[in-house]
**Student:** 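Below: one structure in C-alpha cells.
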Amino acid sequence: MHPISVAEAFVATQFPTCLAAIWAGSFVRGEATTTSDLDIVIVLGEGSTIYRENFEHGGFLIETFVHTEASVRRWTLEREVPERRPALARMVVEGRVIVDRLGTAERLQEWCAAVLDAGPAPPTSQEIADARYGITDAVDDILGGLAPGEVAQVAPALAAALGRLELLRGGHWLGSGKWLHRRLAACDAELAERLADATVRAVSGNPADLVALAEARLAPVGGFLRGGYRQEGALD
C-alpha cells in the first residue's frame, strides 16, 4: 500500500473521532529511506491525555504524537521554543492534512507557521559563553592527547557544539542529530560540509582540521574561553 493510504487507514481505525490528523515526516518531504516511519500528529478534544506512541500498521512503523489543540500550543511555547527546536510546530506546518474537523488543523497550521516565521529569541550572552566554554573544553581534551577511541567520542560532540553555535549566532532554529546538519546546511551549505568532513577525519584519527575550524568559528565571539567562565543556576 502507498504510505498515504496506510496513514489514512490507520487514523480511521485507531482515531476515528479525532479533530485533526496531520501526516508529517520524511515521506511527506520526499526524503524517505528504507527505514523511515510514518509520523502522524493526532489532535483530540480538550481534556484528552497527550502522549507519544508507536504502532505497526500496513507494513510501516507509525509514530503518533497525540495532543489537544491547546497542548500543541503549550508544548510549542513552553518546551520547544525555549529550547529553540520547535519540532512539533514544524510537523504541523509541513505535514499533509488527513483529517480536519471544525477547522482544527487549519488553525494549528496557521498558528504554528507564525511561530516558525517569528524565529527564536536572540541568543543571550550566557548561551554564547556556554557554547564557547564547551567548545574550548572539547578542543583542550583533544589537544591534550586523548586516546583514539576517546577522540572518536569527543569529536562528534565538538562538531555538534560548533553547529549549534553557528545557528545561535545566525538567529536560526536549532536541531539535533541529522537535523542539526540539515539546519546548518540550509543556512551555510559550505560550512556544513566542511564541518562534516573535518569530523570524519577527526574520528579517523586526524583532528587537526576540526580543531582549526573550532578556532576560526570562535574568533568572532571572543575566541576560546577558559578563565572567567561562570554559570549560575539552582542545583535542582
**Student:** Within a reach of under 6.0 Å around CD of Gln153, are more than 12 heavy atoms found that belong to other residues, nucleotides or ligands?
**Tutor:** no
**Student:** When you measure from the side chain of Glu150 to the backbone of Ala147, do you find a donor-acceptor pair of N or O atoms at a distance under 3.5 Å?
**Tutor:** yes
**Student:** Run Cys187 and Leu167 through side-chain contact (heavy atoms from CB on, under 4.5 Å) and show every step you take.
**Tutor:** CA-CA 8 Å; Cys187 305; Leu167 292 172; 3.9 Å; yes
**Student:** Cluster partners of Leu116, using ILVMFWY side-chain heavy atoms under 4.5 angstrom, listed by chain and number?
**Tutor:** Leu77, Val81, Val93, Trp111, Val115, Trp173
**Student:** For the pair Arg132 (side chain) and Gly223 (backbone), establish whether a donor and an acceptor sit closer than 3.5 Å, ignoring hydrogens and angles.
**Tutor:** yes
**Student:** Quick one, Glu63 and Leu38 - any side-chain contact, counting heavy atoms below 4.5 Å?
**Tutor:** no
**Student:** Regarding Arg101 and Glu106, does a basic nitrogen lie under 4.0 Å from an acidic carboxylate oxygen?
**Tutor:** no
**Student:** Leu162 vs Leu210, test: side-chain contact (heavy atoms from CB on, under 4.5 Å). Steps then yes/no.
**Tutor:** CA-CA 10 Å; Leu162 286 168; Leu210 184 59; 4.1 Å; yes
**Student:** Walk me through it: do Asp130 and Gln231 pass the test side-chain contact (heavy atoms from CB on, under 4.5 Å)?
**Tutor:** CA-CA 8 Å; Asp130 290 344; Gln231 184 184 66; 3.5 Å; yes
**Student:** Would a 4.5 Å heavy-atom cut-off, applied to side chains only, mark Val43 and Cys18 as touching?
**Tutor:** no
**Student:** Who else is in the cluster with Tyr229 when I, L, V, M, F, W and Y are joined by side-chain contacts under 4.5 Å?
**Tutor:** Tyr133, Leu225
**Student:** Do Arg85 and Ser176 get their side chains close enough for a donor-acceptor pair, meaning under 3.5 Å?
**Tutor:** yes
**Student:** Nearest 0.5 angstrom please: Phe27 CZ to Asp39 CG, how far?
**Tutor:** 10.0 Å
**Student:** Is it true that a side-chain atom of Arg107 and a backbone atom of Leu102 form a donor plus acceptor pair closer than 3.5 Å?
**Tutor:** yes
**Student:** Between Gln126 (side chain) and Arg230 (backbone), is there a donor-acceptor pair under 3.5 Å?
**Tutor:** yes
**Student:** Report, as yes or no, whether the 6.0 Å neighbourhood of atom CD on Glu190 holds more than 12 heavy atoms from other residues, nucleotides or ligands.
**Tutor:** no
**Student:** Is there a donor-acceptor contact under 3.5 Å from the side chain of Arg194 to the main chain of Leu213?
**Tutor:** no
**Student:** For residues Asp100 and Gly103, report the shortest heavy-atom separation together with the two atoms involved.
**Tutor:** OD1-C, 3.2 Å
**Student:** Would you say Gln109's side chain and Val92's backbone share a donor-acceptor pair under 3.5 angstrom?
**Tutor:** yes
**Student:** Does Glu215 CD have over 12 foreign heavy atoms under 6.0 Å away?
**Tutor:** no
**Student:** Quick one: CZ on Arg201 to CG on Asp209, what's the gap to the nearest 0.5 Å?
**Tutor:** 4.0 Å
**Student:** With no hydrogens and no angle check, is any side-chain donor or acceptor of Ser48 less than 3.5 Å from a backbone partner on Leu44?
**Tutor:** no
**Student:** Taking Ile135 as the starting point, is it possible to reach Leu184 by hopping between hydrophobic residues whose side chains are less than 4.5 Å apart?
**Tutor:** yes
**Student:** Of all the heavy-atom pairs spanning Ser71 and Ile50, show the shortest one and how long it is.
**Tutor:** OG-CG2, 3.3 Å
**Student:** Examine Leu88 and Val28 and state if one hydrophobic cluster contains both, with Ile, Leu, Val, Met, Phe, Trp and Tyr joined whenever side-chain heavy atoms are less than 4.5 Å apart.
**Tutor:** no
**Student:** Quick check for you: to the nearest 0.5 Å, what is the distance between His67 atom NE2 and Phe65 atom CZ?
**Tutor:** 8.0 Å
**Student:** When you check the gap from the basic side-chain N to the acidic O, do Arg226 and Asp137 get nearer than 4.0 Å?
**Tutor:** no
**Student:** Can you check whether Phe15 reaches Val66 side chain to side chain, under 4.5 Å on heavy atoms?
**Tutor:** yes
**Student:** Quick check on Arg183: does its CZ atom have over 12 non-hydrogen neighbours (other residues, nucleotides or ligands) under 6.0 Å away?
**Tutor:** yes
**Student:** Would you say that Glu166 contacts Leu191 through its side chain, given a criterion of any heavy-atom pair below 4.5 Å between the two side chains?
**Tutor:** yes
**Student:** Just wondering, are more than 12 heavy atoms of other shown residues or ligands nearer than 6.0 Å to CD in Glu31?
**Tutor:** yes
**Student:** Side-chain contact test, heavy atoms from C-beta onward, threshold under 4.5 Å: evaluate it for Cys112 versus Val72 and give yes or no.
**Tutor:** yes
**Student:** Between Ile128 and Leu165, is a side-chain contact (heavy atoms from CB on, under 4.5 Å) present by the stated rule, with each step listed?
**Tutor:** CA-CA 7 Å; Ile128 297 298; Leu165 174 62; 4.0 Å; yes
**Student:** On a heavy-atom basis, which atom in Ala155 and which in Ala202 lie closest, and how many Å separate them?
**Tutor:** CB-CB, 3.7 Å
**Student:** Rounded at 0.5 Å granularity, tell me how far CD in Glu69 sits from CZ in Arg73.
**Tutor:** 5.0 Å
**Student:** Is Leu61 close to Asn54 at the side-chain level, that is, under 4.5 Å between some pair of heavy atoms?
**Tutor:** yes
**Student:** To check you understand the geometry: which heavy-atom pair defines the closest contact between Val151 and Pro207, and what is its length?
**Tutor:** CG1-CB, 4.5 Å
**Student:** Are Val200 and Val154 connected in the hydrophobic side-chain network, where two residues link if heavy atoms are under 4.5 Å apart?
**Tutor:** no
**Student:** What I'd like to find out is whether the side chain of Ile62 reaches to under 4.5 Å of the side chain of Glu56, using heavy atoms alone.
**Tutor:** no
**Student:** With hydrophobic residues grouped by side-chain heavy-atom distances under 4.5 Å, do Phe60 and Ile4 end up in a single group?
**Tutor:** yes
**Student:** Got a second to check how far Ile40's CD1 is from His57's NE2, nearest 0.5 Å?
**Tutor:** 9.0 Å
**Student:** Are Leu195 and Leu218 connected, step by step, through hydrophobic side chains (Ile, Leu, Val, Met, Phe, Trp, Tyr) whose heavy atoms are closer than 4.5 Å?
**Tutor:** yes
**Student:** Using modelled atom types and a 3.5 Å cut-off, is there a donor and acceptor pairing between side-chain atoms of Glu80 and backbone atoms of Ala87?
**Tutor:** yes
**Student:** Considering all heavy atoms of both residues, which atom of Thr68 and which atom of Glu46 are nearest to each other, and what is their separation?
**Tutor:** OG1-OE1, 3.3 Å
**Student:** Residues two or more places apart in sequence or in another chain: which of them pass side chain to side chain contact (heavy atoms under 4.5 Å, CB included) with Gln14?
**Tutor:** Phe10, Phe55
**Student:** Can Glu127 and Arg84 be counted as an ion pair, charged N to O under 4.0 angstrom?
**Tutor:** yes
**Student:** Got Leu180 and Leu174 here, is their nearest side-chain heavy-atom distance under 4.5 Å?
**Tutor:** no
**Student:** Considering all heavy atoms of both residues, which atom of Met91 and which atom of Ile22 are nearest to each other, and what is their separation?
**Tutor:** O-CG2, 3.9 Å
